Amino acid sequence: MKLHKTLYLKLLLTYLAFGILSLLLVSSLFRRIVLKDLTKSQADSLYREAQLVASDYALKTRQGKEALNNARSQLKAIDTYINAEIRVIDSSGHQILDSREGSSEKTDFPDFDPTSSGTYYMTDDFFGAYDETMLSVFYPITSNFRVVGYVIFHLPMSQIYASLERIMNTCYLVMASVLLLSLILLVFFTYIVYRPLRKITHAAEEYARGNMTYEPGVNRRDEIGYLSDTLHYMASEIARTGDDQRKFIANVSHDFRSPLTSIQGYLTAMIDGTIPQELYEKYLRIVLNETDRLTKLTNGLLELNALDPGGMVLSFSDFDINAVIKQTCETFKVQCDKKKISIELILSGTSLYVHADKGKIQQAIYNLLDNAIKFSHNNSMIRIETTEKNDKVFISVKDSGIGIPKDAQSRIYDRFYKTDLSRGKDKKGTGLGLSITREIILAHNQNINVISTEGVGSEFIFTVARSKDMEE
Ligand code: ADP
């Protein structure tokens with residue numbers, strides 16, 4: 001549970017950090033850029049005005065006193081129009097005209113040096129003439145190619161700040177809307193990621209507690225759904241393996257106990273004289289049979305252990321598979337006779353050479369034939385067929401026995417697995433035969449498949465590599 005909280009908290013903190021950082025960025029950097037831009041554009045437009053006034057003033061000085069008197073009222077008119085104080089000073093800094101006469105006591109600006117700043121405007125109190133910061137834009141008045149004075153426009157910076165605040169307010173509003181909209185992401189995250197993740201973790205906790213049948217309940221078709229399904233599948237597989245192992249131990253114990261009990265019974269009866277000496281041979285044969293069963297079971301277990309991944313060592317040779325099949329059939333003669341089962345061989349050619357581990361392939365055929373006989377009805381037929389196709393030989397063992405139910409077909413190769421159908425028929429089976437067979441075939445890099453219909457029969461087909469240099 002803690003995990004989710006941290007994850008959610010992390011996302012929330014990231015969201016908050018994102019909000020605060022963007023707010024800081026907008027209120028500092030963005031604000032400074034806008035202010036600079038506003039000041040510059042205001043200065044530009046005042047500069048154009050100043051240029052007009054300066055050239056007009058230069059003209060008026062040439063026209064004489066009367067014209068100059070007119071200039072003041074003209075400046076006043078412009079001042080009213082653009083709401084900026086206009087001052088004219090001579091080249092030594094002495095004030096000649098002011099559109100707002102008397103607004104400041106200061107009329108001398110000896111320190112005014114327009115060339116020092118390298119630009120055409122300044123933002124300060126203009127040499128102490130004002131109490132507040134002003135934007136002062138200047139333009140030289142020239143006469144006979146000489147600078148005789150300057151026209152200076154003064155605009156309070158508070159006006160520019162007012163525009164700046166208006167822009168900033170709009171900007172904050174947009175930002176707040178964006179942040180609010182991005183809250184949708186948070187909601188989206190909660191529903192799409194956080195909640196299913198919480199369900200999955202809960203399921204993992206249930207599995208850890210041993211409740212393997214727990215359903216995570218995440219029904220989605222994306223990566224999270226896939227994760228949940230995989231986890232659920234894993235749990236059910238673990239449960240199944242555990243189940244199989246329990247079943248196996250029960251089977252093995254049972255299979256070991258019954259021959260041991262009968263061996264013990266016969267031997268006791270011999271020792272205490274219940275069985276007369278002349279019948280010893282008969283009963284010792286039964287005892288021998290029972291020990292055979294035990295040996296078979298033990299061998300199966302040992303073999304499977306040796307076949308573990310990486311554990312199988314194959315010794316390849318070229319041999320006649322037809323001969324191996326015939327030989328294997330021979331070993332089952334007694335069982336076949338007992339059940340009146342006939343084996344039909346449809347072999348390709350008289351001899352058919354393959355390249356494989358002879359002993360292991362013989363065992364695979366043995367296991368398949370053993371099953372075919374075990375699960376065949378009396379008086380039926382088993383068909384073994386070999387077919388050549390390209391560089392492979394297909395070997396099929398087909399019976400018309402009880403068949404394998406569809407849902408069990410994917411599990412018959414699992415260790416210790418026995419279908420419910422076969423359980424009653426074959427009490428001795430260990431459920432190891434097919435898994436040994438499959439491991440052998442896979443170790444040869446070949447394939448094994450089954451085609452089976454419940455109540456009709458089964459056909460197991462596997463491949464072996466054809467011998468390259470010993471063709472018939
Ligand atoms: P077992 O020793 O029990 O035969 P196998 O691994 O050889 O173990 O087979 C596993 C199970 O597959 C068998 O118990 C049986 O249920 C089923 N099976 C295998 N071969 C056949 C077959 N030819 N016909 C019907 N069922 C079969």
Side-chain angles (χ1 to χ4, degrees), residues 240-241 243-256 258-259 292-308 312 325 328-329 331-332 335-336 339 341-344 360-385 394-443 447-462:
R240 195 165 68 78
T241 318
D243 245 25
D244 284 349
Q245 242 145 18
R246 267 193 295 280
K247 264 189 220 151
F248 168 69
I249 290 171
N251 275 351
V252 170
S253 315
H254 179 264
D255 288 351
F256 268 96
S258 52
D292 269 356
R293 250 173 88 186
L294 287 175
T295 316
K296 202 174 139 199
L297 189 68
T298 318
N299 283 347
L301 288 173
L302 287 176
E303 225 159 288
L304 205 60
N305 239 11
L307 296 188
D308 263 345
M312 190 171 330
I325 291 172
T328 317
C329 289
T331 57
F332 284 103
Q335 273 134 290
C336 286
K339 289 181 86 173
I341 291 172
S342 58
I343 300 179
E344 183 190 12
K360 297 258 163 28
I361 294 296
Q362 183 158 26
Q363 194 187 348
I365 298 171
Y366 182 98
N367 290 353
L368 294 181
L369 192 54
D370 186 29
N371 281 345
I373 296 169
K374 271 197 295 191
F375 303 116
S376 274
H377 307 295
N378 287 352
N379 297 310
S380 64
M381 187 156 80
I382 292 168
R383 200 179 71 195
I384 306 180
E385 193 174 349
F394 287 73
I395 298 147
S396 136
V397 179
K398 186 175 179 181
D399 64 61
S400 38
I402 58 170
I404 305 165
K406 224 176 176 53
D407 56 333
Q409 285 181 16
S410 60
R411 302 184 56 191
I412 48 170
Y413 300 108
D414 290 359
R415 293 175 180 197
F416 326 127
Y417 182 75
K418 297 166 84 173
T419 66
D420 294 332
L421 271 187
S422 70
R423 229 175 278 279
K425 289 222 163 231
D426 168 41
K427 298 211 166 54
K428 284 193 208 161
T430 53
L432 296 176
L434 279 182
S435 79
I436 293 174
T437 306
R438 195 171 97 109
E439 301 242 5
I440 289 174
I441 306 301
L442 292 187
N447 287 308
I448 178 160
N449 277 308
V450 63
I451 305 162
S452 184
T453 312
E454 193 178 335
V456 176
S458 316
E459 180 178 11
F460 283 86
I461 307 164
F462 70 93

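Every value quoted in this text rests on a predicted model; they were computed, and no experiment measured them. Each ligand, and each atom within it, is numbered from 1 in the order the structure gives.
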- [ ] Using the six-membered ring wherever Trp is involved, compare the ring planes of Tyr366 and Phe332 and label them parallel, tilted or perpendicular (cut-offs 30° and 60°).
- [x] tilted
TODO: Flag the pair Ile402 / His377 as yes when at least one side-chain heavy-atom distance between them is below 4.5 Å, and no otherwise.
DONE: yes
Open item on the list: At less than 4.0 angstrom from any non-hydrogen atom of Lys374, what atoms of ligand 1 do you find?
Closed with: 1 (P), 2 (O), 4 (O)
Task: Per-atom contacts of ligand 1 with Tyr417, taking only distances under 4.0 Å to non-hydrogen atoms - done: 10 (C), 11 (C)
Task: Any donor-acceptor N/O pair, Lys339 side chain to Ser380 backbone, under 3.5 Å - done: no
Open item on the list: To check you understand the geometry: which heavy-atom pair defines the closest contact between Val397 and Ala372, and what is its length?
Closed with: CG1-CB, 4.1 Å
TODO: Nearest heavy atom to atom 26 (N) of ligand 1 wins, so pick from Ile382, Thr437, Leu369, Ile404.
DONE: Ile404
Open item on the list: Check for me whether Gly401 has a heavy atom closer than 4.0 Å to any atom of ligand 1.
Closed with: no
TODO: Just go through Phe460, Tyr413, Phe375 and tell me whose heavy atom is the nearest to atom 18 (N) of ligand 1.
DONE: Phe375
- [ ] Find all atoms of ligand 1 within a distance of less than 4.0 Å from any non-hydrogen atom belonging to Asn371, and give their numbers and elements.
- [x] 4 (O), 5 (P), 7 (O), 9 (O), 19 (C), 20 (N)
TODO: Would you mind telling me if ligand 1 is within reach of the side chain of Asn367, the backbone, both or neither, using heavy atoms under 4.0 Å?
DONE: neither
Task: Closest approach of Ile325 to Ile384 (non-hydrogen atoms, all atoms of both residues) - done: CG2-CG2, 3.7 Å
Task: Polar atom proximity, Lys418 to ligand 1 (N or O, under 3.5 Å) - done: no
Task: Heavy-atom pair with the smallest gap, counting every atom of Gly403 and Ser458 - done: CA-OG, 3.5 Å
